[in-house]
Structure formats: structure tokens, C-alpha cells
Amino acid sequence: MNLKKNLQKLLTEAAQKAGFAPRFVVISSSKDEKHGDLSSNLPLAMAKAAKKTPMVIAESIIGYFEKNEKIIADVFPSPPGFINFKINPSYYQSLIREIIKAGNAYGQSELGKNKTANVEFVSANPTGPLTVGHGRNAVLGDTVANILENHGYKVTREYYFNDAGRQMRILGDSVEARYREIVDGSSVFPEDGYQGEYIRDIARKIQEEHGNNIKKGHSVFRKSAENDIFDEIKKSLKNLGIHHNKFSNEKTFYTSGAVEKVTSDLRNKGLIYEEEGATWFKTTELGMDQDRVLIKSSGEPTYRLPDIAYHINKVERDFDLIIDILGSDHVATYPDVVAAVKALNYKTDHFNVMIHQFVTLLKSGQKVKMSTRKADFVTLEELVNDVGGDVVRYFFIMRSMNSHLNFDLDLAADQSEKNPVFYLQYAHARICNIIKRGEGLEKDFMVDYDPSLLTHLAEIELLKTMEQFPEVMATAQNKLEPQDIANYLQDLAARFHRFYVDCRVITHDNDLSAARIALITATKIVLANGLKVLGISAPERM
RNA sequence: GCCCACAUAGCUCAGCAGGAUAGAGCGACUGCCUCCUAAGCAGUAGGCCAGAGGUUCGAAUCCUCUUGUGGGCACCA
């Protein structure tokens with residue numbers, strides 16, 4: 001049973017009996033003890049319509065409020081017109097059994113039961129190693145997928161890449177140029193070529209495997225590069241605990257005829273015209289500010305066309321939720337694709353795009369401009385090796401995706417020992433250690449305990465925080481904002497550390513020890529469940 | 001010029017389906033280990049929540065404008 005929902009119901013009933021017609025009843029946690037444990041602004045919100053002062057309304061509603069003594073100890077108004085609830089400590093104390101019983105399931109829900117979701121993320125074309133910038137996308141996507149799974153969704157983690165376009169051709173040309181360089185010193189390096197050292201490595205490997213006489217323009221250059229780079233990308237993701245279970249590429253949409261179908265369908269809708277040798281998509285007709293090219297005068301489609309086919313494909317696979325995680329450089333492109341899918345009468349209201357802002361890298365106080373082409377980047381691999389996967393994941397999750405964040409590499413390496421993620425993990429490790437000590441004692445603490453012994457303020461505060469966990473998880477799913485969980489866990493860990501300092505767990509008082517071991521066991525469960533969703537390890541010792 | 005996002009402590013950032021005194025980490029300064037891990041706790045200093053209007057009983061939070069930052073406005077993706 002959910003405390004806030006329960007109060008909402010009781011409060012609504014009381015307000016109705018008092019002759020009001022409340023619409024939205026908001027219950028929030030009180031920051032100040034003077035205002036009880038929870039409070040509602042209902043009288044303030046209703047004052048205007050009811051033409052009464054908030055305090056009068058508050059008194060009147062409270063007069064009709066039927067409080068369940070087992071849960072609610074007191075209901076009282078406070079100026080300018082809040083209704084405050086004092087919760088019976090026994091309610092919080094009783095949570096311990098509930099949490100221990102639920103175990104891994106505490107914080108999970110069935111909001112997504114029998115539903116499917118597709119989360120497309122990373123989706124970097126295999127032209128080079130993943131950068132720190134991709135890391136943000138990767139961690140965000142994987143965590144969103146975790147959140148959905150936590151609520152019962154069956155989630156497909158998907159990676160889409162363009163393997164037919166210009167970028168991959170340039171990649172092949174770049175490799176071939178390096179190959180010629182090695183074989184006979186001749187080389188005309190493409191103007192837009194990829195300059196990274198990894199291109200040379202791939203060329204060298206090709207030379208070793210296939211010898212010196214590969215025909216000009218042979219597909220092995222592009223193909224090998226794609227394979228090798230993809231292997232590296234997958235490895236980098238694996239280091240962060242990220243695994244995609246579906247890879248889609250644009251080529252399949254050409255061979256399947258899906259791309260062709262998009263063009264003809266749009267043409268039938270009158271949304272296509274030819275001009276200056278190119279094929280244009282009449283996006284202005286769909287409310288956009290300019291038309292876009294679908295097929296260049298060279299005959300080569302732009303990324304837009306296969307993207308549309310791909311999104312239609314996702315719709316046809318019949319997910320309940322389709323999520324795209326994109327960097328802010330793609331803000332403008334997404335609406336065109338959705339508009340096309342919608343114009344072709346496919347469902348799009350289950351689309352959900354999450355745009356994250358860029359990561360600005362600072363090295364020795366200098367901005368590092370990231371460009372895969374110029375090989376001017378810090379790889380995700382390097383970063384993970386430097387500070388560890390847990391730190392990287394936490395760093396990207398603790399920030400809102402809307403913030404353009406500065407990542408100071410020197411500082412990150414320097415402070416990795418003091419990183420906030422250790423604060424959470426340390427709380428978990430501390431708990432494990434205490435529990436282990438408890439096991440060595442004669443009494444079997446976990447079997448028999450009396451939670452009503454937990455009356456210290458630090459204990460109640462800790463319990464109150466744990467009570468909020470299911471709601472935090474539900475909200476994170478609703479808003480698709482993983483950082484809510486990170487913030488919550490930070491708060492939970494802080495409550496625990498305070499408790500640890502104030503209340504010794506294992507003492508000569510066996511009864512109190514038993515109750516406290518139960519309390520920290522519950523805390524451990526909540527911490528571990530939260531960390532698991534964030535994809536961060538919960539170490540037993542540090 | 002147009003579009004999207006952002007602007008909160010010295011630095012990096014939380015808080016934003018409006019609520020009661022604005023938070024954390026790092027950095028600076030004080031205390032706290034004969035006691036379950038001090039990777040911790042308690043405290044001091046540090047803020048006109050970019051600026052100006054507006055909506056509201058109430059605004060860091062919503063709206064408008066200004067300024068500044070990032071990203072976009074390709075027959076690149």
C-alpha cells in the first residue's frame with residue numbers, strides 16, 4: 001500500500017464531505033518537522049474557487065477527515081493553509097518486513113507488464129572508436145532500458161547504423177589510402193578522410209592478411225574497417241555493462257525494398273517533388289520551415305530516407321513504447337522523420353525522443369573539440385580504463401541530460417577516489433560488513449526482531465526515505481529521467497551514514513541489535529535495487 | 001537572422017507537473033576514530049537562483065523580453 005495514495009484518497013473523501021470538489025490532490029513530504037511528515041496544499045489550491053480563506057477550508061476538511069489511527073497519528077492545519085499529517089512511527093517500522101520480504105522486487109512494479117519497449121541508443125556509425133560524448137548517450141540509453149525493465153517492460157536495446165552512405169565510403173577510402181602507403185608508398189589521402197591512427201592499424205592488418213595486391217576499390221577495405229571498429233565499439237560498451245540485443249543497419253532497408261516503398265508512398269501522398277536533379281520531401285506541407293532532400297542529385301539518398309524506413313520498421317514491430325536517445329546535434333532531424341512516418345499513416349504517438357546535451361571535455365583546462373574524422377577525441381575506452389565503469393556510469397546519470405556538462409578529465413582522474421558514486425557503494429559495503437559481524441553472534445537476529453524499538457530520529461528518517469523508493473522508481477519511469485534515482489540514492493546513503501554514526505548496530509542489547517540489523521538489511525536491499533537499475537555494482541566490501 | 005536547450009555557492013552540478021528557511025560534492029577553515037571500514041559524521045564561511053517585467057495567496061520552478069553559453073538551421077550523419 002502506498003502512503004501518499006492512501007492519503008490522497010482520504011483527503012479527497014474528507015474534502016467532498018466538507019462540500020468541496022477537489023480536482024488534484026497533491027501530497028508532498030514535509031521538509032520541516034513542524035509540518036508533520038507529509039502535507040497537502042489542497043486548501044490553498046481551492047481557496048479561490050471556494051471563495052473562502054485557506055485556513056477555514058483546512059479546518060473544515062480536517063473536521064471530516066477520518067484518520068486511520070494505525071497510520072496517521074495527527075492531522076493539523078498550518079498557515080497559510082496547509083494540511084499536515086503526522087504519520088505513526090509504527091507505519092514506517094512495519095516497512096522493514098515488507099522490504100525484506102519483497103527483496104529484489106521492492107521498487108519494481110507491473111506498470112509495464114505485458115508491454116514491450118524499444119530503446120535505440122548509441123547508434124554511432126562504425127567510423128571510429130566511441131568517444132566520451134557517445135558515453136553519455138550509451139549510459140543514458142542503457143539506464144532508461146533498465147528502468148523500463150524494472151517496471152516489467154520487455155525491452156529491446158537497439159543499435160542502428162548507416163552502412164551504405166558517404167561516411168562508410170570515406171572510411172573505406174581512408175583505409176585503402178593507408179594501405180597503399182604501406183604497400184608502395186603511394187597514397188592520395190581523401191580530403192575528408194579519417195585521420196586516426198586506428199585506420200593505419202586496420203590497413204596494416206589487411207596487408208598482413210591479404211597481401212600487397214588488393215585491387216583498387218576492393219570492398220575488403222570498407223568491410224574490414226567496419227568489422228574491426230564495430231568489435232572495438234562493442235568492447236567499449238561491454239566495459240560499461242552495455243549489451244545491445246538488436247543491431248539494425250540501413251542496408252537491410254534497401255534490400256528489403258522498404259526504402260523504395262517510402263519514396264513511392266510519399267509520392268502517392270503528393271509529398272515529393274523533383275528539383276535540380278534531386279528528390280525533395282515537402283516537409284513545409286507538414287508544418288516544417290523548409291523542404292528537405294531525400295535523394296541527392298547524385299542519386300544517393302540522404303540519411304533521412306533510410307531513417308524513415310527504419311522508424312516505420314520499428315512501428316511495424318509493434319512496440320508499446322519506442323524511445324530514441326539522441327544527442328542535441330540531431331534535434332532538428334528527428335521531427336522530419338516522425339513527420340514522414342505520421343504522414344504515411346503509421347502510429348507515432350508512442351514515440352519518445354530523449355535529447356541529451358553535449359559533453360564538453362576539458363583537458364589541462366583546455367576545451368577538447370571532439371571530431372572523429374580528425375582523430376581529435378578522447379575515447380570512451382580510455383575514460384573507463386582511467387576511472388572505472390561505475391564512475392563513468394554514475395557521472396553521466398547524476399546529471400540531467402539537459403545540462404551541457406563539462407567533463408574535466410584531469411579532475412575526474414584526480415577525484416575518482418572521492419567520486420560521489422563511492423559514497424553510495426560505501427554505504428552498501430558498510431552494511432554488508434555489519435551484517436557479517438551480526439552473523440557471528442549467538443542470537444539469530446534476522447528471525448526475531450521488534451521494529452518498534454527503532455525510535456531514534458536517524459532511524460525514522462532512514463525509514464521514511466526508504467518508503468519513498470517505489471514512488472521514485474515509478475516517477476523515473478514516467479518522466480524517463482534517470483538522475484532522479486541517482487539523487488534519491490545519494491539521499492538514502494546520507495541517511496544511512498548519519499544513522500551509522502548516531503546508532504551503533506551491534507551492542508550488548510540483543511533486541512535492539514536485532515531490530516537494527518533488520519533495518520540495515522532493508523536499507524541494503526533498497527540501495528542494491530537502486531544501484532542495479534543504474535547499472536552500478538554494489539560491492540560487499542571496499 | 002531563425003529553431004532547440006541551458007544560465008543556481010570560487011569550481012562541477014542537484015532542486016524545476018509552483019509551496020513553508022535554496023542543497024550536495026570538490027576547494028577553504030573547525031571539530032569527531034581505546035568503539036560495527038574516517039571512502040564517514042558534525043559545524044563555519046561562501047547565493048539579489050544571469051537581468052528585467054508578468055501570472056499567482058505563493059516563483060529558482062510557469063509566461064514574455066534582454067544578455068550570455070552550447071547545439072542546429074547541408075544534395076553530412
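So you know, we letter chains A, B, ... as the sequences are listed, proteins then strands, and number each from 1.
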What is the nucleic acid contact for [X], judged by heavy atoms within less than 4.0 Å: base, sugar-phosphate only, or nothing?
X        : result
A:Arg304 : nothing
A:Cys503 : base
A:Ala47  : nothing
A:His497 : sugar-phosphate
A:Pro54  : nothing
A:Ala429 : base
A:Glu300 : nothing
A:Thr333 : base
A:Leu294 : nothing

Is there a donor and acceptor pair closer than 3.5 Å between the side chain of [X] and the base of [N]?
X        : N      : result
A:Asn84  : B:rA20 : yes
A:Asn41  : B:rG19 : yes
A:Ser400 : B:rA14 : no

Please state the [atom1] separation for the pair [N] and [M] - nearest whole angstrom.
N      : M      : atom1 : answer
B:rU12 : B:rU34 : P     : 39 Å
B:rG15 : B:rA60 : C1'   : 8 Å
B:rG54 : B:rC29 : P     : 45 Å
B:rC62 : B:rG1  : C1'   : 28 Å
B:rA9  : B:rA28 : C1'   : 13 Å
B:rC49 : B:rA14 : C1'   : 13 Å
B:rC48 : B:rA7  : C1'   : 15 Å
B:rC35 : B:rA22 : C1'   : 37 Å

Going by purine N1 to pyrimidine N3 plus the second Watson-Crick contact, or the G-U wobble pair, all under 3.5 Å, which nucleotide sits opposite [N]?
N      : result
B:rG19 : B:rC57
B:rA5  : B:rU69
B:rA74 : none
B:rA52 : B:rU64
B:rA45 : none
B:rA38 : none

Nearest of [options] to any side-chain atom of [X]?
X        : options                : result
A:His330 : B:rA20, B:rG72, B:rA77 : B:rA77
A:Asn402 : B:rG71, B:rC6, B:rA20  : B:rC6
A:His404 : B:rA39, B:rG40, B:rU69 : B:rU69
A:Phe358 : B:rC36, B:rG70, B:rA77 : B:rG70
A:Phe82  : B:rG70, B:rG19, B:rC36 : B:rG19

In terms of relative ring orientation, are A:Phe247 and A:Phe161 parallel, tilted or perpendicular, with 30° and 60° separating the classes?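 A:Phe247 and A:Phe161: perpendicular rings.
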5' priority, RNA chain B, between A:Thr302 and A:Val331 [closest heavy atom]: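 The residue closer to the strand's 5' end, by nearest nucleotide, is A:Val331.
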For A:Asn125 and for A:Ser39, find the nucleotide of RNA chain B with the closest heavy atom, then tell me which residue's nucleotide is more 5'.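 It is A:Ser39 whose nearest nucleotide is closer to the 5' end.
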Contact under 4.0 Å: [X] side-chain N or O vs [N] OP1/OP2:
X        : N      : value
A:Lys296 : B:rA74 : no
A:Arg430 : B:rA38 : yes
A:Tyr426 : B:rA38 : yes
A:Arg498 : B:rA42 : yes
A:Tyr500 : B:rA38 : yes
A:Gln290 : B:rC2  : no
A:Tyr423 : B:rC41 : yes
A:Ser403 : B:rA14 : yes
A:Asn406 : B:rU12 : yes

Taking atom [atom2] of [N] as reference, at what distance in whole Å does atom [atom1] of [X] sit?
X        : N      : atom1 : atom2 : answer
A:Glu275 : B:rA74 : CD    : P     : 15 Å
A:Asp329 : B:rA5  : CG    : P     : 16 Å
A:Asp163 : B:rA77 : CG    : P     : 13 Å
A:Leu512 : B:rC36 : CG    : C1'   : 13 Å
A:Arg169 : B:rC75 : CZ    : P     : 16 Å
A:Gln490 : B:rG40 : CD    : C1'   : 13 Å
A:Tyr394 : B:rG25 : OH    : C1'   : 10 Å
A:Leu424 : B:rG25 : CG    : P     : 12 Å

Please determine whether the number of non-hydrogen atoms from other residues, nucleotides or ligands lying under 6.0 Å from atom CD of A:Glu275 exceeds 12.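 Enclosed.
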Output, in order, the C-alpha distance, side-chain angles, deciding distance and verdict of salt bridge (Lys or Arg N to Asp or Glu O under 4.0 Å) for A:Glu471 and A:Lys4. CA-CA 9 Å; A:Glu471 192 195 339; A:Lys4 278 190 189 174; 3.3 Å; yes
Ring centers of [X], [Y] separated by less than 6.0 Å:
X        : Y        : answer
A:His456 : A:Phe499 : no
A:Tyr500 : A:Tyr426 : no
A:Phe121 : A:His244 : yes

Can you see whether A:Glu158 engages A:Tyr310 through a side-chain donor-acceptor pair at a distance of less than 3.5 angstrom?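 Their side chains do contain a donor-acceptor pair, which is all the 3.5 Å distance test asks for.
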Taking atom types as modelled, find out whether A:Gln167 and A:Asn162 have a side-chain donor-acceptor pair closer than 3.5 angstrom.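 A:Asn162 and A:Gln167 do not have a side-chain donor-acceptor pair below 3.5 Å.
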Please identify which of these residues, A:Lys282, A:Arg304, A:Lys342, meets the salt bridge (Lys or Arg N to Asp or Glu O under 4.0 Å) condition with A:Asp336.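 Result for salt bridge (Lys or Arg N to Asp or Glu O under 4.0 Å) with A:Asp336: A:Arg304.
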Hey, mind stepping through A:Glu120 and A:Lys314 against salt bridge (Lys or Arg N to Asp or Glu O under 4.0 Å) and telling me if it holds? CA-CA 10 Å; A:Glu120 184 212 325; A:Lys314 283 202 275 194; 2.8 Å; yes
